[in-house]
Amino acid sequence: MAETFLVLTVIGDDRPGLVGELSATISSHQGNWLESSMSHLAGQFAGIVRVAMPHAQAEPLKAALAKLGG
């Protein structure tokens with residue numbers, strides 16, 4: 001099974017549960033959160049996350065992430 005690596009950039013309103021929601025979405029697509037850097041900038045949440053997952057899950061994960069609010 002081929003593995004794919006993605007680098008995600010995340011920017012949105014800083015709110016409780018945001019990282020948990022992101023993590024659950026990645027996990028539900030067989031993703032493995034490898035490393036990240038997160039900050040609070042100008043009232044916004046900003047992060048970079050490197051993820052590994054089976055190649056077949058990359059597009060479904062991208063679609064699911066696009067549906068996350070905030």
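Along the sequence shown, residues carry numbers from 1.
Side-chain heavy atoms closer than 4.5 Å link hydrophobic residues (I, L, V, M, F, W, Y) into clusters, and following such links, even through other members, never connects Val19 to Leu34. The cluster map of Ile, Leu, Val, Met, Phe, Trp and Tyr, joined by side-chain heavy atoms under 4.5 Å apart, puts Leu68 and Val10 in the same cluster.
The structure places CG of Leu65 at 6.0 Å from CD1 of Ile26, a figure rounded to the nearest 0.5 Å. Taking CE of Met53 as the start and CD of Glu3 as the end, the distance is 8.5 Å to the nearest 0.5 Å.
In terms of heavy-atom proximity, Val51 sits nearest to Gly31 at CG1-CA, 4.2 Å.
Side chains of Gln44 and Asp13: a donor on one and an acceptor on the other come within 3.5 Å.
The salt bridge (Lys or Arg N to Asp or Glu O under 4.0 Å) pairs that include a residue from residues 49-58 are Glu35-Arg50, where partners are two or more places apart or lie in different chains. Evaluation of the salt bridge (Lys or Arg N to Asp or Glu O under 4.0 Å) test over residues 54-66, restricted to residues two or more places apart or in two chains, returns Glu59-Lys62.
Under the 4.5 Å side-chain criterion, counting only non-hydrogen atoms from C-beta, Val49 is in contact with Met38.
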